[in-house]
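Given the structure is predicted, the values throughout are model-derived calculations rather than measurements.
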Amino acid sequence: MNRPFFKKIPIQTGTNKLALYGSYDQNIKMIEDAFSVEITARGEEIRVSGVRDQVEQAEGVIVQLMISARGERHFPVEEIHRAIQAVISEGNGEDEALMLLESEKDKIVVSGKRRSIVPKSVAQKRYINHVQAYDVVVGIGPAGTGKTYLAMAMAVSAFLKKEVERIILVRPAVEAGESLGFLPGTLVEKVNPYLRPLYDALYDMMDIDQVTRLLERGDIEIAPLAFMRGRTLNDAFVILDEAQNTTSMQMKMFLTRIGYRSKAVVTGDITQIDLPKAQLSGLVEIQKILEDVRGVQFTYFTAKDVVRHHLVQEIIKAYESYQVQKRDAPQA
């Protein structure tokens, strides 16, 4: 029989209580319903009562929201749902809460609309720590887990702190082959649609005028992977996005461009490879080639780290389950 259990959670300094509780305490009610606990707020602490495991999971969600509720913020219902699902799938609320309580020191300071960005999961926190500590970091996982967004935030922060002189953002264009000739328009017009997600992330962190000025000066460069050939990238923060669509030679070419005082982050989803079936992805291959190379660190994300609509998590899980069933099914 489960014994009654309660826990007191101190409200962190700077937490916007209205954002944390939600309009008419709707956030608190969602957490109560999800974990069958009772939550009461008293002064500068929140008390959670119920079965121990569920209390600790509820604590994990509350801590995540508390970290994010800095200044004037409103949490969409989807974000509350995502936080709940992340803790449920992890099944480790108390440990996750303790790790995320330390996330304040991991916050990434950027300019523009967002003053700072903090990790929303243990995997994101680990990823940030890896980027801080290693010269080459490879982030592998499903879409929507923050791989590129957090790397971009780290790049912007490093540039603003003058740790690097420029930011270079790279993507393979048009399913890795970079066959742009058949598309209408100038080279810039052909390439831009494939680089648009990188621009969008930049505009979310910096003012449009500032981004435009930095692009014109060459302090920020956004280019297809083919443009990196023959270059040496010194004093730069370099991000290779959608790396699952690089060939073996393209990946080697990119990694050997890294120069002095530079940092490189490679991101991709190995379940969404657009290369011809006979061609091995450079991102898949480097997991074996670089696994013992000092200074290179791999970070892996799963469906529970998705920070988009909660259905994205369920869709990814459904695909993973289908692939397992397909692989294990007896051959006709």
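Here the side chains of V138 and V265 are not in contact, with every heavy-atom distance at 4.5 Å or above. The shortest distance between side-chain heavy atoms of V61 and F35 falls below 4.5 Å. The shortest side-chain heavy-atom distance between D204 and D200 does not fall under the 4.5 Å cut-off. Side-chain contact between V170 and I168 is present, with heavy atoms from C-beta onward closer than 4.5 Å. Annotation: side chain of I31 is in contact with side chain of I62 (closest heavy-atom distance under 4.5 Å). At least one side-chain heavy atom of M206 sits under 4.5 Å from a side-chain heavy atom of L214. Inter-residue side-chain proximity for I258 and V238 is flagged as unmet; no heavy-atom pair is nearer than 4.5 Å. Here the side chains of F5 and Q54 are not in contact, with every heavy-atom distance at 4.5 Å or above.
Following chains of ILVMFWY side-chain contacts shorter than 4.5 Å, one cannot reach F6 starting from M66, and the two form parts of different hydrophobic clusters.
Smallest separation of non-hydrogen atoms from Y127 and G146: CE2-O, 4.2 Å. Among all heavy-atom pairs drawn from M251 and A243, the shortest one is CE-CB, 3.9 Å. In this structure, T232 and G259 approach most closely via the heavy-atom pair CG2-CA, 4.1 Å. Between E242 and P172, the shortest heavy-atom contact is O-CG, 3.4 Å. In plain terms, the two heavy atoms of S262 and D135 that are nearest each other are O-OD1, 4.1 Å. The two residues E165 and D219 have their closest heavy-atom pair at O-OD1, 4.1 Å.
K288 meets the salt bridge (Lys or Arg N to Asp or Glu O under 4.0 Å) test with E291; sequence neighbours excluded. Considering only residues two or more places apart in sequence or on other chains, D25 meets the salt bridge (Lys or Arg N to Asp or Glu O under 4.0 Å) condition with none of them. Remark: S281 engages Q244, I273, L275, L283, V284 in a side chain to side chain contact (heavy atoms under 4.5 Å, CB included) (not counting sequence neighbours). Scanning for salt bridge (Lys or Arg N to Asp or Glu O under 4.0 Å) contacts around E163 gives K161, with sequence neighbours left out. Residues passing the side chain to side chain contact (heavy atoms under 4.5 Å, CB included) test with A34 are I84, sequence neighbours excluded. The salt bridge (Lys or Arg N to Asp or Glu O under 4.0 Å) test applied to R231 returns E221, not counting sequence neighbours. Remark: I289 engages E285 in a side chain to side chain contact (heavy atoms under 4.5 Å, CB included) (not counting sequence neighbours). Residues satisfying the side chain to side chain contact (heavy atoms under 4.5 Å, CB included) criterion with D53, sequence neighbours excluded, are E56. Applying the ring-ring contact (aromatic ring centres under 6.0 Å, His included) criterion to F237, with sequence neighbours excluded, gives no partner residue.
The closest donor-acceptor contact from the side chain of K147 to the backbone of F301 lies at 3.5 Å or more, if one exists at all. No side-chain donor-acceptor contact under 3.5 Å links D207 to the backbone of D209. For the pair Q124 (side chain) and T145 (backbone), a donor-acceptor distance under 3.5 Å is present.
Identified under the salt bridge (Lys or Arg N to Asp or Glu O under 4.0 Å) test for residues 244-265, with sequence neighbours left out: D235-R261. The stretch residues 39-48 participates, sequence neighbours left out, in these salt bridge (Lys or Arg N to Asp or Glu O under 4.0 Å) pairs: K17-E44.
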Inset, instruction - For L160 and V156, run side chain to side chain contact (heavy atoms under 4.5 Å, CB included): C-alpha distance rounded to whole Å, both residues' side-chain angles, the deciding distance at 0.1 Å, then the answer. - result: CA-CA 6 Å; L160 294 175; V156 170; 3.9 Å; yes

Legend entry - Check against side chain to side chain contact (heavy atoms under 4.5 Å, CB included), M154 and Q132: CA-CA 8 Å; M154 296 287 284; Q132 291 169 337; 3.5 Å; yes

Inset, instruction - Show the numbers, then the answer: is there a side chain to side chain contact (heavy atoms under 4.5 Å, CB included) between V164 and F159? - result: CA-CA 5 Å; V164 295; F159 177 79; 4.3 Å; yes

Inset, instruction - Dump the intermediate steps for side chain to side chain contact (heavy atoms under 4.5 Å, CB included) on L225 and L240, then the final yes or no. - result: CA-CA 8 Å; L225 179 58; L240 172 58; 4.2 Å; yes

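With values rounded to the nearest 0.5 angstrom, I286 atom CD1 is found 6.5 Å from I140 atom CD1. Interatomic distance, E38 CD to I28 CD1, rounded to the nearest 0.5 Å: 12.0 Å. Taken to the nearest 0.5 Å, the CG atom of L18 stands 9.0 Å off from the CG atom of N27. Atom CG of L233 and atom OH of Y260 lie 14.0 Å apart (nearest 0.5 Å). We find the CE-OG distance between M253 and S248 to be 12.0 Å, quoted to the nearest 0.5 Å. The CG atom of N245 lies 4.0 Å from the CG atom of D274; values are rounded to the nearest 0.5 Å.
Across D241, L202, T148, a single residue satisfies side-chain contact (heavy atoms from CB on, under 4.5 Å) together with L169, and that is L202.
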Show me the donor-acceptor pairs within less than 3.5 Å that the side chains of residues 292-300 make with the rest of the protein, sequence neighbours left out.
residue : atom : partner : partner atom : Å
Q297    : OE1  : Y134    : OH           : 3.4
T299    : OG1  : H130    : ND1          : 2.6
Y300    : OH   : Q287    : OE1          : 2.8

